[in-house]
Amino acid sequence: MELSKNYNPSATEEKWYKCWMDKKYFHSTPDERPSYTVVIPPPNVTGVLHMGHTLNETVQDILVRKARMSGFNACWVPGSDHASIATEAKVVQMLKEKGVDKNTLTREEFLKYAFEWKEKYGGIIYNQIAKLGCSVDWDRTTFTMDDHYYKAVIKVFVDLYNKGLVYRGARMINWDPAAKTALSDEEVEFKDVVGKLYYLKYQLTDDSTEIAEKNLHSSVNGHLPSDNYITIATQRPETIMGDTAICVNPTDERYAHLKGKYAIVPLIYRRIPIIFDEYVDPAFGTGALKVTPAHDINDYNLGLKHSLEVVDTLNEDGTLSEAAQIYVGVERFAARKKILVELKEKGYFLKEEEYPTRVGYSQRSGAVVEPRISTQWFLKMKEMSGPALSAVLDGEIKIHPGERFLATYKYWLENVKDWCISRQLWWGQQIPAWYDEKGNLFVAETEEEAERLAARGEPRATSPEFALEGSPLAANSPKLTRDADVLDTWFSSWLWPMEVFNGISNPGNKELDYYYPTSVLVTGQDIIFFWVARMIMAGTHYKNAKPFSDVYFTGMVRDKQGRKMSKSLGNSPDLLDLIDKYGADAVRFGIMISSPAGNDLLFDEASLEQGRNFNNKLWNALKLVKMWEGRQMTEEIKELIDDTFELADETKQLFGEIDHLPSEEHLDHSNYAINWFANRLQQAKAEVEILYSQFRLSEALKVIYSLIWDDFCSWYLEWVKPGFEQPIEDEVYNKTTHFFGELMQLLHPFMPFITEEIYHLLGEKQDDLCVKQFAAIKEANNDVLTGGELLKQVISALRDARNKSGLKPKETIKLFIQSANTRVYKRIESILLKQVNAESISYVNETVPNATVVAIEQDKFYIESDKKADTAAIKAELLKDLDHQKGFLQSVTKKLSNERFVANAKAEVVDLEKKKQADAEARIRTIEESLANLV
RNA sequence: GGGAGCAUAGCUCAGUUGGUUUAGAGCAUCUGCCUUACAAGCAGAGGGUCCGCGGUUCGAACCCGUGUGCUCCCA
């Protein structure tokens, strides 16, 4: 068969993925083998895979494929997340482009559009996952809004409500004015910005009558009438209409005289009290704080303490509300500008200064988050966090890499606040709570059940924090209205490792028992609180068992310049384009080769190119080996040739004219090479195994890469390669294809497609690499390995010497070896001849004059050629080496002459130093002899 | 402001309880090669004050302290 010049990934990839699917290799059902379960972190259903996902999925596939080839029943569950805010925003945008306003639709109509959208775009990520070669069990694909999943989420909500862990209440929450929904604390991202601090004057009065307020309003046309004022500093002048007090520190003497007085809010002229509280930092601004309980969490708490009125001056879309009295309907930041102009005109404005501050942005919409008082649903976290904390602290769940995230995790869980789980959206699991006309609340899995509760008058308001005022129930069955809100997406994804096996909807089922707890969770460190911690909570709460044994955190994928990948920067490449360009294996290689666990990955297409080149290297090695196929010299053929000396026609067809048989020598040195590589392979396999167990996958890949490229291709294949158009011994050929197959197996988890292809091209195969089980690792023989390393070292040194002597590759040399142990070199003579292009090798007991000399350990090699040696250069080299050796000897000798070292250090260490000393001395002698020999 | 981490070759990173030939790899660079698998290649080479300073130790890239710079998390 003719092999193409270069490897062509696309056809191969499609062929093998289909084959694996047809043979149901990825499908798992419980059996007697141990399970190895991985649940995919479900990407957003209408999203595309970015490079971060690509890294995560690749890592998971490597682990899953490795497990599948190591005796485990591997099960990798794919799926996607409904991503309520993100998806709803996309659908709203799509409708807007069509000229449809969401507000004109009913909930049902909107959801119909949303599901259409999901059907249309939901397949994209699945296609990408398949293209990447991920060995997921497609029969288990789960979506967080699947029927059973939806029911599970509802069930959990009702259960937690009945346990008193879920409650409804008015709280200061994070409001996203763009998406018009509440957010959890975790969904707010803070950025440092340079803001402005505005200094404003508030008129003071001690008159507590309403008349004073009115007089002020009318008498001076709203201008600041006197010098009797207090100055406050604020970043948000547009919220002054919501001010309900001015607060100063009770120890602040500057303001001690203001006790019992009032201030007048500029522009709207509301009278507000001056209050005193330790909370205020006298050193900040003017030491006087305007208190706006509706729009700042600290002010809110201050308001609670001092029983202040709450005036909410903002609408849900971020425009000023009726309560603001002025600029009603104007967007908050536009209003800020207008108000500043008016404050200046009317003399209330003193000055402004720049001020470094932090602004919270919505993770989903990017809008500036507004603290807002709102009635929402919450989950008590204190009760949930205990077991989740101990599971990690006790080492039941291991986090990789190392302890790096432990402190953060601990801090978060110990300080976690209640989780706001309601969202003012339609896309998601609708909260199963119903209200009667009087506002009584009934929480149940179905409307029928809620109706029954209502009929019996059981509001089930078990939480003491329940904030809705109830009223006595009518005895007749009331008309119920369902809560319009949906649950936070993470309130569904925290059940993921259980509910993909129907663990909530059908608890205690056989599959759940078999697959849960899962083996390893691979995810980005950015969702440690959103998701990882909460899955541990849900798992410990509902299964009384951890959801996974290990967590592998991948780093963030950044571009070459270290910037985060983002759409706006345009630095996030398209996965399918990359696969088209380089092939899936090369993409996997490129992304893995430089991504140690937990470290950020600087993505550079150059590493994908390296992957593609590696593909090509493998392909060419295959071409070489295939050239030997059909040229094997079996014993029978050998005998045939020996006996008759005349080739049969069919033999002739196979080999053409053969002028000589493979020599005994060739077989002998090939056996040397085979023996060496067999041991080298075992050694590398053992290393890789350890690296897998430590989740150091990029290290493992490096070991395999260098094993294949350097040891197999550059050394082994060159050592066993027969001469041009010469036959190869059957045994050598078989060993070589066997090694090649083993290498492909070792590499398979990382680069599944090309390895499977080559494995099958190496010869007729009954099995597929995808499910081929790894053989047990044998212990490598150290003497054999050392011998191989010595040979490599000698060859490299001789080639270097050739280079330095200006010898062209084609120019031959005569090699003389001076060694106490010539037997070693005699065995590998023919390899040496070929590798350094020598025409002869002789053994000598004395120095060879006028030859270039190379010293390895205690042996010396003389290179003689027609070309005149550049003695000056050789001398310089030797002197440099001598210098180095002497320096080294000096440091060793110094160490050994230190009595305290000899007395304190371990015996092995001292012995080693002595050996180093002896070696260095021997080498120095060799170099000096060589120098003396150079004239 | 609180916490965590990082700093080793031009770049990205290894370096195991402190001792393993006066620091290793890949990429990039340079030199020589179109050698009968592979120029997407082959054979070589050069390149480091292990961030600065101080300490512990017979011995420090590694442990401790301190300074500087960067990253992340939390408020």
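First the proteins, then the strands, lettered A, B, ... as listed; each starts at 1. The structure presented is a predicted model; accordingly, all values stated were derived computationally and were not measured.
Spacing between atom CD of A:E605 and atom P of B:A28 amounts to 15 Å, rounded to whole angstrom units. Here B:C33 presents its C1' atom at 11 Å from CZ of A:R802, a figure rounded to the nearest Å. Atom CZ of A:F553 and atom C1' of B:C72 are 13 Å apart (whole Å). Spacing between atom CG of A:L701 and atom C1' of B:A25 amounts to 13 Å, rounded to whole angstrom units. Note: CD (A:E811) to C1' (B:U35) measures 13 Å, nearest angstrom. We find that CZ of A:F190 is positioned 7 Å from P of B:A75, with the value rounded to whole Å. Taking atom CD of A:E186 as the reference point, atom P of B:C73 lies 13 Å away to the nearest angstrom. If you measure from atom CH2 of A:W719 to atom P of B:A37, you get 19 Å, rounded to the nearest angstrom.
Taking only side-chain nitrogens and oxygens, A:Y705 comes nearer than 4.0 Å to OP1 or OP2 of B:C27.
Counting only heavy atoms from C-beta on, A:R696 has its side chain closest to B:A14 among B:A14, B:G19, B:U21. Of all nucleotides listed (B:U35, B:A37, B:U21), B:U21 comes nearest to the side chain of A:K915. Taking every side-chain heavy atom of A:K916 into account, B:U21 is the closest of B:C74, B:U21, B:A37. The side chain of A:F529 lies closest to B:C73, out of B:C73, B:A37, B:U20.
Remark: RNA chain B forms stems of 3 or more consecutive Watson-Crick or G-U wobble pairs, all pair distances under 3.5 Å, at B:1-7 with B:68-74, B:10-13 with B:24-27, B:29-33 with B:41-45, B:51-55 with B:63-67.
With P as the reference atom, B:A37 and B:A14 are 38 Å apart, rounded to whole Å. Across the P atoms, B:A23 and B:A9 are found 14 Å apart, a figure rounded to whole Å. Nucleotides B:G46 and B:U22, compared at atom P, are 14 Å apart to the nearest Å. Rounded to a whole angstrom, the distance from the C1' atom of B:C30 to that of B:C38 is 23 Å. Taking atom C1' on both B:G59 and B:U20, the two are 14 Å apart, rounded to the nearest angstrom. The same atom, C1', is picked in B:G24 and in B:U8; the two are 10 Å apart, to the nearest Å. Going from the C1' atom of B:C6 to that of B:G44 covers 35 Å, rounded to whole Å. Here the separation of B:G65 from B:A75, taken at their C1' atoms, is 29 Å to the nearest Å.
Under the side-chain contact (heavy atoms from CB on, under 4.5 Å) criterion, A:N415 pairs with A:Y411, not counting sequence neighbours. When the side-chain contact (heavy atoms from CB on, under 4.5 Å) test is applied to A:P282, the partners found at least two apart in sequence or on another chain are A:N249, A:D252, A:R254. With sequence neighbours excluded, no residue forms a salt bridge (charged side-chain N to carboxylate O under 4.0 Å, His left out) with A:E908. With sequence neighbours excluded, the residues that form a side-chain contact (heavy atoms from CB on, under 4.5 Å) with A:A606 are A:D604. Residues passing the side chain to side chain donor-acceptor pair (under 3.5 Å) test with A:T54, sequence neighbours excluded: none. For the side chain to side chain donor-acceptor pair (under 3.5 Å) test, residues two or more places apart in sequence or in another chain that qualify with A:K916 are A:E913. The side-chain contact (heavy atoms from CB on, under 4.5 Å) test applied to A:K410 returns A:L389, A:L393, A:E414, not counting sequence neighbours.
A:D883 comes within 4.0 angstrom of a nucleotide base, judged by non-hydrogen atoms across all strands. In this structure, A:E699 reaches the sugar-phosphate backbone alone: every heavy-atom distance under 4.0 Å involves primed, P, OP1 or OP2 atoms, never a base. Backbone-only contact: A:K808 has heavy atoms under 4.0 Å from sugar-phosphate atoms and none from a base. Across all strands, A:F888 comes closer than 4.0 Å to base atoms (heavy-atom distances). No contact: A:R923 has no heavy atom under 4.0 Å from any strand.
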Enumerate all atom pairs, one protein N or O and one N or O from nucleotides 8-12 of chain B, separated by less than 3.5 Å.
none

Pairs: protein N or O with nucleotides 56-58 of chain B N or O, under 3.5 Å:
unit_1, atom_1, unit_2, atom_2, d
B:C58, O2', A:N898, ND2, 2.5

When you compare the protein's N or O atoms with those of nucleotides 38-45 of chain B, which come within less than 3.5 Å of each other, and at what distance?
unit_1, atom_1, unit_2, atom_2, d
B:C38, O4', A:N620, OD1, 2.9
B:C38, O4', A:N620, ND2, 3.4
B:C38, O2', A:N620, ND2, 3.4
B:C38, O2, A:K617, NZ, 2.9
B:C38, N3, A:K617, NZ, 2.9
B:A40, O4', A:N613, OD1, 3.4
B:A40, O2', A:N616, ND2, 3.2
B:A40, N6, A:N6, ND2, 3.3
B:A40, N3, A:R612, NE, 3.4
B:G41, OP1, A:N613, ND2, 3.1
B:G41, O3', A:K617, NZ, 3.4
B:C42, OP1, A:K617, NZ, 2.7
B:C42, OP1, A:W709, NE1, 2.6
B:A43, O3', A:R799, NH1, 3.0
B:G44, OP1, A:S796, OG, 3.0
B:G44, OP1, A:R799, NH1, 3.1
B:G44, O2', A:D800, OD1, 3.1
B:G44, O2', A:N803, ND2, 3.3

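In this structure, A:K906 and A:K810 both approach RNA chain B, and ranking their closest nucleotides by distance from the 5' end singles out A:K906.
In this structure, the ring of A:F750 has its center no less than 6.0 angstrom from the ring center of A:Y705.
In plain terms, the two heavy atoms of A:L762 and A:Y733 that are nearest each other are O-OH, 4.4 Å. Between A:R802 and A:V836, the shortest heavy-atom contact is NH1-O, 2.7 Å.
Between A:F614 and A:F589, the angle of the ring planes lies from 30° to 60°, which puts this pair in the tilted group.
Remark: the A:Q835 side chain and the A:W719 side chain contain an N/O donor-acceptor pair separated by less than 3.5 Å.
Between A:E928 and A:R925, no side-chain nitrogen of the basic residue sits less than 4.0 Å from a carboxylate oxygen of the acidic one, so the salt-bridge criterion is not met. Using a 4.0 Å cut-off between charged nitrogen and carboxylate oxygen, A:E370 and A:R236 count as a salt-bridge pair. Under 4.0 Å is where a charged nitrogen must lie from a carboxylate oxygen, and between A:K915 and A:D919 at least one such pair does.
The side-chain hydrogen bond (donor to acceptor under 3.5 Å, both in side chains) contacts involving residues 579-589 of chain A comprise A:D61-A:R588, A:K581-A:E605, A:Y582-A:E605, where partners must be two or more places apart or lie in separate chains.
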